[in-house]
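The structure under discussion appears below in the form of structure tokens.
Nothing here was measured: the structure is a model prediction, and the numbers come from that model. Lettering follows sequence order; numbering is per chain, from 1.
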There are 2 protein chains.
Amino acid sequence: MVTIRDVAKAAGVSVATASRALNGMSIVTAKTREKIEAAATALDYVPHSGARSLTKRKTDTIGVILPDLFGEFFSEIIRGIDLVTHRAGKSLLLGNMHGSAEETAQAIRAMRGRVDGLLVMPPNSRADTVEAVTRDIPTVLLNAQGTDDVTPFVSVDNYAGARLVTNHLIDRGARNIIHIAGPANNRDARERQRGYCDVLAERTGNGSPLILPGDFRDDAGREAARLLLTSGITFDAVFASNDMMAVELMSELRVAGLQIGSDILVAGFDDIPLARHVTPGLTTVHSDITRVGSTAAELMLRMMEGETLERDQSLIIAPTLAIRGSSGGGAGTART
Amino acid sequence: MVTIRDVAKAAGVSVATASRALNGMSIVTAKTREKIEAAATALDYVPHSGARSLTKRKTDTIGVILPDLFGEFFSEIIRGIDLVTHRAGKSLLLGNMHGSAEETAQAIRAMRGRVDGLLVMPPNSRADTVEAVTRDIPTVLLNAQGTDDVTPFVSVDNYAGARLVTNHLIDRGARNIIHIAGPANNRDARERQRGYCDVLAERTGNGSPLILPGDFRDDAGREAARLLLTSGITFDAVFASNDMMAVELMSELRVAGLQIGSDILVAGFDDIPLARHVTPGLTTVHSDITRVGSTAAELMLRMMEGETLERDQSLIIAPTLAIRGSSGGGAGTART
DNA sequence: TTGAAAGCGCTACCAA
DNA sequence: TTGGTAGCGCTTTCAA
């Protein structure tokens with residue numbers, strides 16, 4: 001391995017001078033610089049960024065910790081992060097920890113001395129599980145708010161999104177809206193359910209919500225559909241807590257002869273690419289996930305430049321409604 | 001920042017002993033170890049892995065360099081990689097380089113001293129653009145074969161996949177199969193086209209292929225459809241070089257009144273999630289992309305353990321055919 | 001079993 | 001403008 005010493009020796013200068021020349025500092029004679037650069041290329045010298053980080057106490061790397069790497073949600077977040085960090089010349093150190101709080105803490109520890117800052121999405125949005133470990137290092141929380149009122153965060157307003165879609169269904173004439181819940185330990189799912197319940201209470205007299213269990217997986221959508229079909233429950237609309245379940249539920253109801261968009265209105269949450277391609281198109285809540293990543297990265301960059309962010313710099317991204325055929329809204333075709 | 005010196009001082013031992021105790025070496029007295037561990041927890045000591053990497057000449061990190069982070073393809077690869085590296089306790093350093101060969105080389109250089117090995121997917125599968133830079137470090141190529149006959153690689157057999165699907169269309173009775181090409185500078189696209197041409201030459205007498213330009217984007221699918229509809233070209237099947245174009249083409253042809261699966265057979269390549277959800281389902285070529293990532297990671301791990309892999313350890317993943325309604329195969333519904 | 005000290009490859013300070 | 005050198009935080013000989 002060729003080090004800066006080799007280059008210095010070959011060029012007949014000291015390591016100090018070599019370092020200065022290689023880093024483009026102006027206080028080096030053109031002639032000296034040339035010699036050094038020639039030696040560097042001749043030896044095919046590549047600086048050892050690990051060593052450099054140690055002396056400079058700066059790694060130009062941002063640690064990203066996500067609970068899982070599965071699905072579009074996470075890849076969009078990473079893409080958003082990369083979008084802004086790449087421009088700033090930072091690398092990304094990925095530390096995925098597959099859900100458990102302990103593994104998360106472990107992953108964060110392992111990043112010590114290898115990153116300048118941390119972007120972490122705590123498992124189940126439980127920020128408290130990571131706070132103890134991130135105290136020493138600039139951190140932005142993804143999709144979760146800290147309990148300390150000081151760590152900046154970026155998240156999606158699940159509650160507002162659920163309100164949006166529930167209101168929409170009522171506007172379209174629905175009176176008996178079923179909600180298919182997500183996993184009980186998932187904060188996002190709970191927020192969506194809360195939005196649904198609140199709107200129901202506000203707008204319909206009785207306000208008795210009807211909630212079926214679910215777990216965000218497609219099977220749950222099919223199961224819910226079968227349950228609805230066989231139970232004799234009265235319903236004219238279904239709001240599933242995510243698109244995956246909504247899509248499967250829709251196709252199951254259709255097979256049973258129900259006309260989606262007129263007999264029954266259906267809506268989901270997430271706006272996965274599939275949502276616009278099923279027939280009829282699925283009405284759903286759209287969040288700019290990429291923006292969650294890019295905004296978090298921007299906050300991080302500012303922190304790394306020494307700015308002290310307050311909690312009020314945090315961003316709760318407001319979702320929008322994507323109205324399609326499944327709620328009787330669009331043309332009922334696959335295209336929006 | 002609390003270092004190992006602080007811990008040593010607090011415990012009343014030397015840094016050497018502290019290091020040994022903290023790393024679980026057996027040659028430390030139980031009593032000494034206890035003192036040290038107590039001090040470490042009291043001070044909330046977290047080892048600086050950057051410094052550790054420098055002395056041990058080992059980072060426990062694998063560099064991953066992809067041309068882009070967009071879409072399912074890349075996220076599946078990363079997921080595959082993570083699947084095996086996570087088990088081995090390695091982190092992933094992401095260096096995306098957005099396409100250009102120079103940026104790629106730059107990204108690889110920047111990883112020097114920060115990773116133990118490199119998983120790189122060269123832009124446009126041009127392995128030669130990265131070979132000069134990766135010589136000093138264990139490397140596995142993704143979706144590209146090196147020119148040096150020595151760097152291991154993992155890729156998908158685009159040629160075989162294209163043969164599979166073309167044969168299938170002919171088996172289903174197609175006689176005039178149009179191919180919609182991908183970007184000219186994309187090796188995958190060229191391989192797919194080559195497979196199509198070869199099968200045509202082998203099985204149909206005339207063997208005159210009919211190829212329309214494309215670029216993998218949805219617009220190209222629609223344009224090709226319009227061209228076909230207005231030009232008066234005789235055709236009874238279309239093989240698009242990716243699903244995106246196939247899906248759009250299909251919906252455009254359907255609007256024009258053609259019956260997909262009977263009047264016209266359509267097939268794509270990639271098996272994106274959408275493929276099984278459109279109506280009719282899209283017949284396409286399925287590759288286990290996650291496996292590309294996981295296999296590459298496994299090869300890397302073996303190299304890192306000192307094994308010298310030969311080129312014949314490389315893997316070309318054989319794709320399979322997913323037959324659905326668009327080629328007259330399935331029930332013509334959205335479900336497979 | 002423990003400690004002193006020499007690095008890992010680099011940067012940055014202080015003198016010259 | 002250049003060179004010598006002291007670290008960055010850690011591991012690992014080599015002696016004690």
Side-chain angles (χ1 to χ4, degrees), chain A residues 1-40 43-61 91 109-116 136-137, chain B residues 1-40 43-61 91 109-116 136-137:
Chain A
M1 171 189 269
V2 26
T3 76
I4 199 171
R5 304 177 78 100
D6 302 319
V7 176
K9 199 176 299 171
V13 297
S14 73
V15 277
T17 309
S19 171
R20 284 188 282 253
L22 263 12
N23 287 298
M25 316 200 79
S26 47
I27 39 160
V28 181
T29 315
K31 214 171 60 183
T32 318
R33 160 163 298 138
E34 252 170 56
K35 271 196 313 198
I36 296 169
E37 278 168 356
L43 295 173
D44 195 19
Y45 168 72
V46 182
H48 188 293
S49 21
R52 162 190 282 235
S53 297
L54 191 57
T55 32
K56 300 194 74 164
R57 288 115 162 290
K58 184 156 166 304
T59 61
D60 285 322
T61 301
S91 309
R109 286 171 175 281
M111 288 203 164
R112 173 99 198 292
R114 297 154 67 75
V115 301
D116 296 331
D136 260 359
I137 180 168
Chain B
M1 172 190 268
V2 25
T3 76
I4 199 171
R5 303 178 78 101
D6 302 319
V7 176
K9 198 176 299 171
V13 298
S14 72
V15 277
T17 308
S19 170
R20 283 188 281 253
L22 264 11
N23 287 298
M25 316 200 78
S26 48
I27 39 161
V28 181
T29 315
K31 214 172 61 184
T32 319
R33 159 164 298 137
E34 252 171 55
K35 271 195 313 197
I36 294 170
E37 276 167 357
L43 294 173
D44 195 20
Y45 167 71
V46 182
H48 188 292
S49 22
R52 163 189 282 233
S53 299
L54 192 56
T55 30
K56 300 194 76 164
R57 288 114 163 290
K58 185 156 164 305
T59 61
D60 285 323
T61 301
S91 310
R109 285 170 176 282
M111 289 203 164
R112 173 100 195 292
R114 298 155 67 76
V115 300
D116 296 332
D136 259 358
I137 180 166

Verdict with supporting geometry, A/Met1 and B/Arg57, side-chain contact (heavy atoms from CB on, under 4.5 Å): CA-CA 11 Å; A/Met1 171 189 269; B/Arg57 288 114 163 290; 5.9 Å; no
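Here the shortest heavy-atom pairing between B/Leu43 and B/Ala10 reads CD1-CB, 4.0 Å. Across A/Ala18 and A/Ile36, no two heavy atoms sit closer than the pair CA-CD1, 3.8 Å. When all heavy atoms of B/Ala51 and A/Leu54 are compared, the closest pair comes out as CB-CD1, 3.8 Å. Taking both residues in full, the closest heavy atoms of B/Tyr45 and B/Val2 are given as CD1-O, 3.4 Å, listed atom of the first, atom of the second, then distance. Scanning both residues, B/Arg20 and B/Ile27, for their nearest heavy atoms gives CD-CD1, 3.5 Å.
Summarising the geometry, the separation between NZ on A/Lys35 and P on D/dG3 is reported as 8 Å, rounded to the nearest angstrom. As a whole-Å value, the separation of B/Arg57 CZ from D/dC10 P is 18 Å. Following rounding to the nearest Å, B/Leu54 (CG) and D/dC8 (P) show an atom-to-atom distance of 13 Å. At whole-Å resolution of the value, CG in A/Leu22 and P in D/dT2 are 14 Å apart.
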Tell me, for nucleotides 11-16 of chain D in 5' to 3' order, what letter each nucleotide earns: B for a base near a protein heavy atom under 4.0 Å, S for only sugar-phosphate near one, - for neither? BBB---
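Along DNA chain C, the nucleotide closest to B/Ser14 and the one closest to A/Val46 are compared, and the more 5′ of them pairs with B/Ser14.
Around CG of A/Asp136, the count of heavy atoms belonging to other residues, nucleotides or ligands within 6.0 Å does not exceed 12.
Under the side chain to side chain donor-acceptor pair (under 3.5 Å) test applied with A/Arg52, the options A/Asp60, A/Asn23, A/Thr59 reduce to a single match, A/Asn23.
Here chain A contacts DNA chain C (any atom closer than 4.0 Å to a heavy atom, that is under 4.0 Å), and the contacts span C/dG9 to C/dC13 from 5' to 3'.
Across the helix from C/dT1-D/dA16 to C/dA16-D/dT1, the helix axis at one end is tilted relative to the axis at the other end by 40° (nearest 10 degrees, each axis from five pairs).
In this structure a side-chain-to-backbone donor-acceptor pair under 3.5 Å is present from B/Arg33 to B/Met25. Checking side-chain atoms of B/Thr29 against main-chain N and O of B/Lys31 turns up no donor-acceptor pair under 3.5 Å. A donor-acceptor pair under 3.5 Å links the side-chain atoms of A/Ser49 to the main chain of B/Ala110, judged by distance alone.
As judged by a 4.0 angstrom heavy-atom cut-off over every strand, B/Ser49 is placed among residues making no nucleic acid contact.
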